[in-house]
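Notes for the one structure printed next.
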There are 2 protein chains.
Amino acid sequence: MFVYNIFIHIFGKKKEIMSSPRERILERASILFHHQGYNSTGINQIISEANVAKASFYQHFKTKDDLCVTFLNRRHESWFNALSEFTSTSENTQEKIVAAFDFIMHMNEKENFRGCSFLNIMSEISKEQENILSVIQSHKNDLRVFFSQLIEDELLATHIYLLFESSIIESQLFGSNEIVHKSKAIVKSII
Amino acid sequence: MFVYNIFIHIFGKKKEIMSSPRERILERASILFHHQGYNSTGINQIISEANVAKASFYQHFKTKDDLCVTFLNRRHESWFNALSEFTSTSENTQEKIVAAFDFIMHMNEKENFRGCSFLNIMSEISKEQENILSVIQSHKNDLRVFFSQLIEDELLATHIYLLFESSIIESQLFGSNEIVHKSKAIVKSII
DNA sequence: TTATATACAAACAAGTCTGTCTGTTTTTTT
DNA sequence: AAAAAAACAGACAGACTTGTTTGTATATAA
C-alpha cells in the first residue's frame with residue numbers, strides 16, 4: 001500500500017514495524033487457541049485476524065495440526081520462562097515452591113482463568129493426533145522435572161506436582177483463585 | 001419390520017426388547033461423547049448409530065447442548081453410583097478413601113483412559129454454554145462433598161479431592177495407572 | 001535492473017456441521 | 001376400528017470446515 005510504503009521509507013525496514021506473516025499467524029493462533037479452544041478456532045478466523053492470505057498460511061504450515069504443534073512448543077517455552085522468572089526472586093526452595101502456586105494465580109488473572117493450554121487441547125484431540133499428544137506429554141514431564149529438581153524426596157515432588165495440576169484445573173472450572181489459596185496452604189504444610 | 005413385528009408378537013411388548021429412541025440416543029451419545037469428545041461427535045453420527053431419525057432426535061432434545069446436559073446428568077448419577085458401590089465394601093474411612101483411588105484405576109481400565117467426561121467437556125465449551133458449565137460445577141461440588149463427608153478436617157478433605165482430580169487427569173494424559181498408584185501411596189501417608 | 005522468492009486475493013473443492021421440514025408409516029390410546 | 005401420538009426416511013437450508021489452486025503484486029537479492 002501507498003501509505004505503508006512511505007512509512008517504511010521514512011522509518012526503516014519492514015521487519016521493524018510489521019512482523020512476518022508466520023509470526024502474525026502464531027500470535028493470533030496463540031490467543032485464539034487459548035481462549036476459544038483448538039477445535040472451535042478455524043483457519044479462516046486465524047488468517048483473517050492475522051491479515052494473512054490463506055495460501056501464505058499453507059506455505060508456512062502443512063496442516064492445522066502442524067500449527068498446533070508449533071503453537072504448543074512456543075507456549076511451552078514462554079510459559080516456562082514466565083514460571084522461572086516468577087520464582088527466581090525466591091531465596092530458598094520452600095519459597096520457590098510456594099511462588100509456583102502464586103504463579104498460577106498470576107496466570108489466571110492475566111489470562112482470565114483459561115487454564116492450561118496443554119490439558120485443554122488434550123481433551124480435544126483424538127488418539128490419532130500423536131504428534132500433538134507427545135508435545136503435551138513432554139511439557140508435563142518437564143514440569144515434573146521442575147519440581148523434582150527442587151525437592152529431593154521423589155514422592156514429595158510428585159505430591160506437589162499433583163497439587164499444582166489440580167490447582168490449575170479447579171481454578172479454571174470455577175473461575176476463581178480460591179482453591180489455589182487452599183492448595184498453597186496445603187503445600188506449605190507438607191514441605 | 002416384518003421379523004421385528006413377529007418378535008414382538010411372540011415375546012411381548014416392544015419396551016422389553018428394544019429401548020426407546022430417546023434411550024438409544026442417550027446410550028450412543030454417552031459412548032461417543034466420552035470416547036471422541038463433544039465437539040468431535042456430530043448429531044448425524046449419533047442418530048445413525050442409534051437408528052433414530054433426525055426428526056425424532058429433535059423431538060426429544062431441543063439442541064445438541066440440551067442432549068449434552070442430559071448426558072452429563074445421567075453420567076453424574078451412574079458415576080456416583082459406581083463410586084459408591086465400589087467403596088461400599090470398605091470397613092473404615094481410611095479404606096474407603098483409598099478405595100476411591102482404586103476406583104479411578106478400575107474406571108481407567110474399563111473406559112480406556114478417557115478421563116473425566118466433565119473436565120473434558122469443560123475444556124471444549126465456551127463461556128456462553130452456561131447450562132453445561134453449571135452441571136459440571138455441580139458434579140465436582142458433589143465430589144468434594146463426598147470427601148468432606150468422610151473427612152472431618154476440611155483442609156484434608158480438599159487435599160484428597162485435589163489429589164483425586166489430578167490422578168484422573170494425569171493417568172488420562174499418559175494412558176497409565178502408574179501415577180494413580182503413587183497418588184494412592186501419598187494419600188495413605190496423609191490420612 | 002533483472003531474477004527469485006514471498007505474499008497477496010479470491011475462487012474452488014469436498015466435506016462437515018446443526019437444525020428444519022415434508023410426508024409416510026407405525027404404534028399406542030380411546 | 002378409529003383417532004391421536006410417535007417414529008420413520010430423507011431432502012433441504014445455510015453456514016461452517018480444511019486444504020488447493022490460479023493468477024497477480026510486492027519485496028528482496030544478484
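Bear in mind the structure is a predicted one, so any value in this text is a computation, not a measurement. Just so it is clear, the values below take in all heavy atoms, side chains as well, and ignore hydrogens, waters and symmetry mates.
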Discussion item. Distance check needed: dG19(C) C1' versus H60(B) NE2, whole Å only.
Written reply: 16 Å

Discussion item. Can you measure F57(A) atom CZ to dT21(D) atom P for me and round it to whole angstrom units?
Written reply: 16 Å

Worksheet, complete the sentence: Under a 4.0 Å heavy-atom cutoff, the residues of residues 61-74 of chain B touching DNA chain D are none

Worksheet item: How many angstroms lie between CD in E165(B) and OG in S167(A), if you round to the nearest 0.5 Å?
Response: 11.0 Å

Fill in: Between H159(B) and F147(B), ring centroids under 6.0 Å
no

Item to complete: Test salt bridge (charged side-chain N to carboxylate O under 4.0 Å, His left out) on K182(A) and E154(B) and set out the steps.
Response: CA-CA 10 Å; K182(A) 280 202 175 130; E154(B) 193 58 37; 5.8 Å; no

Practice prompt. Send over the distance from N39(A) CG to dT17(D) C1', rounded to a whole Å.
Written response: 11 Å

Item to complete: Scan side-chain atoms only and decide if N108(B) and N177(B) contain a donor-acceptor pair under the 3.5 Å cut-off.
Response: yes

Distances for protein N or O near nucleotides 8-14 of chain D N or O, under 3.5 Å:
from	atom 1	to	atom 2	distance (Å)
dC8(D)	OP1	R24(B)	NH2	2.9
dC8(D)	OP1	N51(B)	O	3.3
dC8(D)	OP2	S56(B)	OG	3.2

Discussion item. Does H60(A), at its NE2 atom, have more than 12 non-hydrogen atoms belonging to other residues, nucleotides or ligands within less than 6.0 Å?
Written reply: yes

Worksheet item: Looking for any heavy atom pair under 4.0 Å, which part of the strands does S48(A) touch: base, sugar-phosphate only, or nothing?
Response: nothing

Worksheet item: Closest nucleotide of DNA chain D for R22(B) versus for N44(A): which of these residues is on the 5' side?
Response: R22(B)

Worksheet item: Hey, which of T70(A), I43(A), I46(A) is the one that makes side-chain contact (heavy atoms from CB on, under 4.5 Å) with I25(A)?
Response: I46(A)

Item to complete: Go through V69(A) and N73(A) one step at a time and tell me if the side-chain contact (heavy atoms from CB on, under 4.5 Å) criterion holds.
Response: CA-CA 6 Å; V69(A) 167; N73(A) 279 327; 3.7 Å; yes

Discussion item. I need the CD1-P distance between I43(A) and dT18(D), as an integer number of Å.
Written reply: 5 Å

Worksheet item: Side-chain heavy atoms under 4.5 angstrom apart, residues restricted to Ile, Leu, Val, Met, Phe, Trp, Tyr: same cluster for I191(B) and I186(A)?
Response: yes

Discussion item. Please report the distance, rounded to the nearest Å, between CD in E23(B) and P in dA7(D).
Written reply: 12 Å

Discussion item. Could you tell me how far apart Y58(A) (OH) and dA9(C) (P) are, to the nearest whole angstrom?
Written reply: 16 Å

Practice prompt. Give a yes-or-no answer on whether the side chains of Y38(B) and D65(B) include a donor-acceptor pair shorter than 3.5 Å.
Written response: yes

